[in-house]
There are 2 protein chains.
Amino acid sequence: MATLLKLQMNECLYLKDPQDTELGRKIVQQSIQMIDELGLEAFTFKKLSLVIDSTEASIYRYFENKHKLLVYLITWYWTWLEYKIEFETNNVADPYLRLSKALRLVTEKKTYDNSFPDVDETALQRIVINEFDKTYLTKQVDHDNSFGLFRGVKSLCGRIADIVKEINPDYPYAHSLISTCLQAAHQQVFFSEHLPSLTDHSGANDKVYTQNYEFIHQLVLKAIQE
Amino acid sequence: MATLLKLQMNECLYLKDPQDTELGRKIVQQSIQMIDELGLEAFTFKKLSLVIDSTEASIYRYFENKHKLLVYLITWYWTWLEYKIEFETNNVADPYLRLSKALRLVTEKKTYDNSFPDVDETALQRIVINEFDKTYLTKQVDHDNSFGLFRGVKSLCGRIADIVKEINPDYPYAHSLISTCLQAAHQQVFFSEHLPSLTDHSGANDKVYTQNYEFIHQLVLKAIQE
DNA sequence: TTTTAACAATAGTAATACTATCATTATCTA
DNA sequence: TAGATAATGATAGTATTACTATTGTTAAAA
């Protein structure tokens, strides 16, 4: 049995910490399932309340609105990913190896993590693939950003960019490169399933993920080589 | 005075060709302004109808819904871009030069094109930056795709990927690479303005565009070199 | 024991994304 | 020139969404 863990989340993401109560955990758990199944647009607090046998008003006590809930879930994902990278690259001296490990963790297909029993990481990864861009492509980005709502991705991007700069301090586009890769990591999966002519990765089974790793790993290494 | 042109659009994108009538052209023109200003979510057919002194019902005779209108506008952009690339790379023998020209056109800041008096390309580029991902990140992608709604990007991506393959036929990720770059071409602009820690490009004036060209150009050349 | 917090139950509102119907006007045609 | 047809306007109506507000119940904390 893995150690049970709790990720520290930015308090602006919720009105009341959903990790503290039974209802809160049910909201998180079920909203992951429902957003995954219905997609963000068809998902509503009303529908969620029916499924978890509660009320709309109760859910509103935890999350200001659907958008904030989505940002919460996706931030959880990035924070979790960064934690995993930290864990796996700990004590690894060679920056090339650390970079490879990080990129593998970013691109690989996620499986259930016992340390967080409330979260279905597989479904959450699909949500990130399908909905992440919607968290920031809004008119209130700047407002949201000023409250630190995007610290999750930003921190992860910064951490991997640091490895890049360790390898080649003169490469001027470390952040651009890594943010591009974080995006490609899920966009190419989406394309392989829905718009295959935009990718060379095969949609069949889970091959996409390994192909994507190879594509991105190569892209990064070549880009930063002197 | 430039030659007046009309881009051929997929008929599934509209119910009635907006390029054929005065009202249709007003819908296109004004919707570009309004989506740019309000963002897609706050933009409604109701508001548009008030501005162009018409009615909701009349707009619905041209476009099935807001989503289709957005896809129409963005497809117009990709089709226009591809036309410009075709035009500029015509008779250029060297594939490296053609690739550079294509990437420059993809990344550069757009200015008004006299050949299409109804379209404000500058505003449209901002719409692509802010809203493009929303055209396909939906539960109906596959349905939409089956009607050819995404031919615009797909065709553009294919064309540039062809140049890549001409340079290095053994590079296995031509489409993945180019779709990644098409995405980066607008995502990095967005980041530089709203989430600057995700990019190295400066948000100041229009420097972003040239920096972005250099970043992407270098990325592609290094990726495909043998 | 009292108070408070958490939640349920219910109602209500403004806005959105449509659909439907009918009238008007301009144009094209027999 | 009448008469049909197409394009638009005017108006109304509906289901759903994204909330807000109020009141009541329960269970645990002070």
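Chain letters run A, B, ... following the sequence lines, proteins first and then strands; every chain starts at 1.
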Starting from [atom2] on [N], measure out to [atom1] on [X] and report it in whole angstrom.
X      : N       : atom1 : atom2 : value
F63(B) : dA17(C) : CZ    : P     : 16 Å
I27(A) : dA6(C)  : CD1   : C1'   : 12 Å
D20(A) : dC7(C)  : CG    : P     : 10 Å
I59(B) : dT19(C) : CD1   : P     : 14 Å
N65(B) : dA17(C) : CG    : P     : 9 Å
K66(A) : dC19(D) : NZ    : C1'   : 12 Å
E22(B) : dG9(D)  : CD    : C1'   : 16 Å
D17(A) : dA6(C)  : CG    : P     : 12 Å

Under a 3.5 Å distance rule, please check whether D200(B) uses its side chain to pair with a backbone N or O of A174(A) as donor and acceptor. yes

What is the minimum heavy-atom distance between E131(A) and I74(A), and which atoms define it? C-CD1, 4.0 Å

Minimum heavy-atom distance between L4(A) and N114(A), given as atom pair plus value: CD2-O, 3.8 Å

Pairs under 3.5 Å (N/O, protein and nucleotides 21-30 of chain D):
none

Please list residues of residues 28-56 of chain A whose heavy atoms come under 4.0 Å from any atom in DNA chain C, ordered by number; otherwise none. D53(A), S54(A), T55(A)

Within the pair Y62(B) and dT8(D), is there a side-chain N or O less than 4.0 Å away from OP1 or OP2? yes

Looking at [Y] and [X], is any side-chain nitrogen of the basic one under 4.0 Å from a carboxylate oxygen of the acidic one?
X       : Y       : value
D118(B) : K6(B)   : no
E82(A)  : R151(A) : no
E41(A)  : K134(B) : no

With no hydrogens and no angle check, do the side chains of Q188(B) and S179(A) hold a donor and an acceptor under 3.5 Å apart? yes

Apply the test side-chain contact (heavy atoms from CB on, under 4.5 Å) to residues H175(A) and F191(B): give CA-CA distance (whole Å), side-chain angles for both, the deciding distance (0.1 Å), then the verdict. CA-CA 10 Å; H175(A) 295 88; F191(B) 293 158; over 6 Å; no

Given the rule in the side chain to side chain donor-acceptor pair (under 3.5 Å) test, do Y173(B) and T180(B) qualify, once you have shown the distances and angles that lead to the verdict? CA-CA 10 Å; Y173(B) 302 121; T180(B) 297; over 6 Å; no

